There are 4 protein chains.
Amino acid sequence: MTDARPANVKSESEDRKGRKGTRHARRLQLIESTIDSLAARGYAETTLADVAKGAGLSRGIVNFYFESKEKLLVATLQHMAEEYAAHWRSALAKASSDPADQLLALVRADFDPAICNRRKLAAWCAFWGEARSRPTYQAHCGSRDEAYQQLLERMCRDLADSGNYSIDPHSVAVALDALLEGLWLRLMMGSAKLSRDAAREAAISFLAASFPRHFPR
Amino acid sequence: MTDARPANVKSESEDRKGRKGTRHARRLQLIESTIDSLAARGYAETTLADVAKGAGLSRGIVNFYFESKEKLLVATLQHMAEEYAAHWRSALAKASSDPADQLLALVRADFDPAICNRRKLAAWCAFWGEARSRPTYQAHCGSRDEAYQQLLERMCRDLADSGNYSIDPHSVAVALDALLEGLWLRLMMGSAKLSRDAAREAAISFLAASFPRHFPR
Amino acid sequence: MTDARPANVKSESEDRKGRKGTRHARRLQLIESTIDSLAARGYAETTLADVAKGAGLSRGIVNFYFESKEKLLVATLQHMAEEYAAHWRSALAKASSDPADQLLALVRADFDPAICNRRKLAAWCAFWGEARSRPTYQAHCGSRDEAYQQLLERMCRDLADSGNYSIDPHSVAVALDALLEGLWLRLMMGSAKLSRDAAREAAISFLAASFPRHFPR
Amino acid sequence: MTDARPANVKSESEDRKGRKGTRHARRLQLIESTIDSLAARGYAETTLADVAKGAGLSRGIVNFYFESKEKLLVATLQHMAEEYAAHWRSALAKASSDPADQLLALVRADFDPAICNRRKLAAWCAFWGEARSRPTYQAHCGSRDEAYQQLLERMCRDLADSGNYSIDPHSVAVALDALLEGLWLRLMMGSAKLSRDAAREAAISFLAASFPRHFPR
DNA sequence: GATGAATGAGCCTTCATTCAT
DNA sequence: GATGAATGAAGGCTCATTCAT
């Protein structure tokens with residue numbers, strides 16, 4: 001799995017000053033550096049000094065753009081959640097109106113390198129570990145939020161209805177949701193035992209098992 | 001979900017200064033307190049002072065029984081991994097020799113309150129978040145280790161062979177493994193949206209979808 | 001003996017927050033405070049809190065300018081060694097080209113209050129006590145380093161040659177070197193039994209005994 | 001230089017119990033172990049755990065035989081001072097009544113391996129480093145105490161009188177005393193640059209220079 | 001806006017000392 | 001007497017945060 005890192009933020013060093021949109025760019029720059037640090041060092045070892053250094057900025061700057069470390073982390077999580085949601089919504093928009101096609105599009109989107117790469121998965125995982133004890137984080141973890149789950153469930157129900165399956169669409173939706181997250185977790189931890197492609201196939205084979213008449217092997 | 005906490009160690013406050021089963025018992029006592037703290041505060045906020053206080057002992061005690069915080073955490077993780085493995089092995093031993101029965105036993109064991117409760121799940125998750133950047137942890141995360149995965153795969157193959165399914169047993173095993181972990185993650189994070197029973201049913205419905213002739217609904 | 005303490009660094013309290021000659025000046029300020037603490041409390045009882053307090057700064061400052069206590073102490077020792085060497089080199093430069101004159105200059109330099117005062121001697125002694133078990137210290141202890149000893153030896157040889165003495169110049173050099181250090185030790189410990197002047201005279205009387213035709217009484 | 005360590009105390013493990021003289025033996029055993037630790041680790045790093053372990057005894061024992069760490073260290077220093085004094089007194093008693101002979105005996109005693117070995121020198125040096133800030137130590141450091149110095153001075157005066165030297169006997173005594181201590185310091189620090197024999201010869205050559213008619217080369 | 005020196009709270013760790021056994 | 005578990009104070013160090021420049 002590649003460690004995809006969008007280089008579209010940090011490298012533009014010439015316009016560090018003189019822009020009006022600086023504020024937003026700076027925040028983004030720091031957020032990306034935060035993700036880097038979370039991926040490299042984990043949550044507990046991530047310090048503001050790391051983040052600032054990674055962004056090529058000075059130490060005090062973080063407290064200027066974000067008021068505290070806590071708020072930087074929340075903003076980072078929020079950024080990731082929004083990016084994730086935008087990604088699957090875009091994938092959905094490109095799919096046909098057929099529920100099976102849409103479901104497949106969602107699953108494929110989940111393993112798109114833009115979303116599913118070591119760096120981001122590691123950052124997600126770092127937040128998961130802390131989410132339990134931090135209500136602020138819980139709101140944005142998991143990435144697959146309420147809307148996503150309801151969407152999954154509606155699609156499963158549509159397929160179940162249209163295909164006369166004797167399954168419980170809710171259970172399938174819950175399982176699919178959990179399966180996707182579980183595969184992410186395995187991808188992140190697994191030292192090469194599981195490829196992104198194999199993970200996607202495992203997810204699709206679950207769809208095939210659940211809705212054999214819609215997802216022919 | 002209940003916060004199961006074995007009260008067999010800490011509650012005996014009258015012999016806190018007793019010299020009996022000391023070494024091993026004390027270590028266990030501190031490990032349990034560590035799990036408490038991980039569940040309550042998360043990895044990053046867990047301090048030795050918390051652990052000691054939770055065990056009703058003094059600050060210096062941790063470095064007496066474990067040499068460092070790091071070693072305490074590793075021992076805690078190891079303890080949890082061993083407990084988990086012992087649990088599913090025991091469940092497996094009680095099941096019949098029928099692969100379907102055994103698979104069901106494994107899945108049920110995974111959602112047994114003794115193993116699957118908020119406290120322990122939260123502790124697991126705390127370690128997951130740090131495992132990426134700590135090789136020492138990776139060895140013991142995930143709980144479902146190599147042996148477990150191979151067992152799943154063998155059972156899936158047995159069922160696939162005996163049932164003439166047109167599926168890839170490896171993919172199913174991978175998916176089942178990920179599904180279980182994903183359900184755990186959801187259970188831990190879910191603020192009551194998902195019950196342990198619902199999670200188990202979702203897992204079983206996955207088995208039913210994959211091996212319909214072995215797991216009748 | 002006076003407790004000479006150069007007041008050129010710390011006393012300027014009004015610009016304590018100044019940014020001027022910062023880095024180097026602050027390091028010097030902390031080093032001087034370290035010497036103070038070593039002299040007052042000894043090596044074992046010198047804490048970073050003492051040093052910081054003595055410098056009128058906060059606790060965290062030492063780890064900011066020096067990375068650790070160890071490095072602060074090494075820097076302190078190095079500073080003292082360099083100061084000592086600069087001092088005798090300067091004294092030597094001011095002397096005539098006559099070996100006897102030069103030798104006398106070296107001895108006198110050794111008991112110059114700028115170098116030989118309770119505060120500095122105590123600091124030296126503190127390091128001597130730890131040098132055995134710390135290789136890092138050994139390099140800079142003794143003050144009278146390799147170069148110094150070879151210089152002494154060359155001078156003794158010059159005098160021995162020019163004066164037809166029947167002595168072993170190496171032995172005399174070794175003895176002189178040890179004598180100077182021993183006198184320092186006595187000065188430091190001696191509760192007023194030995195004055196700096198008496199010590200210098202004792203050293204000179206050694207020269208007179210060794211090279212009677214060069215050092216008339 | 002050898003690391004002479006009298007094995008007459010610790011090795012008698014069979015009579016650890018059942019003796020009446022235990023108390024004294026135990027204290028000696030702990031004192032010897034303290035010297036070991038001071039020599040190996042230095043003053044600052046010497047802990048009671050080290051001492052106890054070195055003596056093959058349990059941790060709590062030190063506070064039983066000595067009331068505190070401080071008192072153990074004082075007792076150790078006292079022991080060394082007494083041993084040193086007994087040694088030179090014995091050497092003196094064996095010498096003839098000739099002052100020159102006595103002086104030589106004292107110097108030779110100072111470099112006797114029983115007294116002058118790495119282990120003991122290192123222990124002495126450890127105390128020197130702390131003596132300044134600890135009045136309790138100062139009383140016993142230096143080893144060459146008041147009586148010793150007065151003895152040296154009287155001998156120097158005797159020789160000066162009987163030899164018609166134009167020297168100041170007091171200065172010579174002071175110098176000799178310092179020279180001996182300085183040589184010890186060099187022996188302890190020097191990584192083999194100076195042998196015990198060379199040190200003794202340097203001291204004797206000083207006597208020869210000061211009193212040429214009494215100490216022919 | 002941006003920097004980085006400075007602060008100080010809090011953590012891990014060490015260790016002298018106590019005390020039940 | 002002897003042991004070693006247990007305590008708690010204190011030290012070194014890290015790091016989020018502040019603020020003068």
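This one's a predicted model, so the numbers in the text were calculated from it and none came from an experiment. A note on names: the letters A, B, ... follow the listed sequences, proteins ahead of strands, and every chain is numbered from 1.
- In this entry the distance linking CG of Leu30(D) with P of dA2(F) reads 10 Å, nearest Å.
- Put simply, Arg23(B) has no side-chain N or O that comes within less than 4.0 Å of OP1 or OP2 on dG4(F).
- Where pairing requires Watson-Crick or G-U contacts shorter than 3.5 Å, the helical stems of DNA chain F with at least three consecutive pairs are E:2-21 with F:2-21.
- Atom P of nucleotide dT14(F) and atom CG of Asp50(A) are separated by 12 Å, given to the nearest angstrom.
- Heavy atoms from other residues, nucleotides or ligands lying under 6.0 Å from CD of Glu70(D) number more than 12.
- Across Arg27(D) and Tyr65(D), no two heavy atoms sit closer than the pair NH1-O, 3.0 Å.
- When all heavy atoms of Tyr43(D) and Glu130(C) are compared, the pair lying nearest together is N-OE2, 3.4 Å.
- Per the geometry, CD belonging to Gln29(D) stands 13 Å off C1' belonging to dA2(F), to the nearest Å.
- For Arg26(B) and dT7(F), the CZ to P distance is 7 Å, given to the nearest whole Å.
- Across all strands, Tyr65(A) comes closer than 4.0 Å only to sugar-phosphate atoms, never to a base (heavy-atom distances).
- A heavy atom closer than 4.0 Å to some atom of DNA chain F occurs in no member of residues 71-79 of chain C.
- For the pair Ala39(D) and Arg132(C), the tightest heavy-atom approach, listed with the atom from each and the gap, is O-NH1, 3.8 Å.
- One interatomic measurement links the two molecules: CZ of Arg41(A) to C1' of dC15(F), which rounds to 14 Å at whole-angstrom precision.
- Thr136(C) is not listed as a side-chain neighbour of Leu73(C), based on a closest heavy-atom distance of 4.5 Å or more.
- In this structure, CG in Leu72(D) is found 11.0 Å from CG in Leu77(D), a value given to the nearest 0.5 Å.
- Taking atom CG of residue Leu57(A) and atom C1' of nucleotide dG1(E), one finds them 12 Å apart after rounding to whole Å.
- Shown are Asp50(D), Thr47(D), Thr46(D); of these, the side-chain hydrogen bond (donor to acceptor under 3.5 Å, both in side chains) with Arg41(D) is made only by Asp50(D).
- Atom P of nucleotide dG10(E) and atom NZ of Lys53(B) are separated by 13 Å, given to the nearest angstrom.
- Shortest non-hydrogen contact noted between Val51(A) and Ser33(A) is O-OG, 2.7 Å.
- Across every non-hydrogen atom of Ile31(C) and Ala75(C), the tightest pair is CD1-O, 3.9 Å.
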Each nucleotide N or O in nucleotides 13-15 of chain E that has a protein N or O under 3.5 Å away: list the pair and distance.
residue, atom, partner, partner atom, Å
dT13(E), OP2, Lys69(B), N, 2.8

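- The side-chain heavy atoms of Val74(D) and Lys71(D), taken from C-beta on, include no pair separated by under 4.5 Å.
- Smallest separation of non-hydrogen atoms from Ser133(B) and Ala40(A): CB-O, 3.6 Å.
- To the nearest angstrom, C1' of dT7(E) lies 8 Å from CD1 of Ile61(C).
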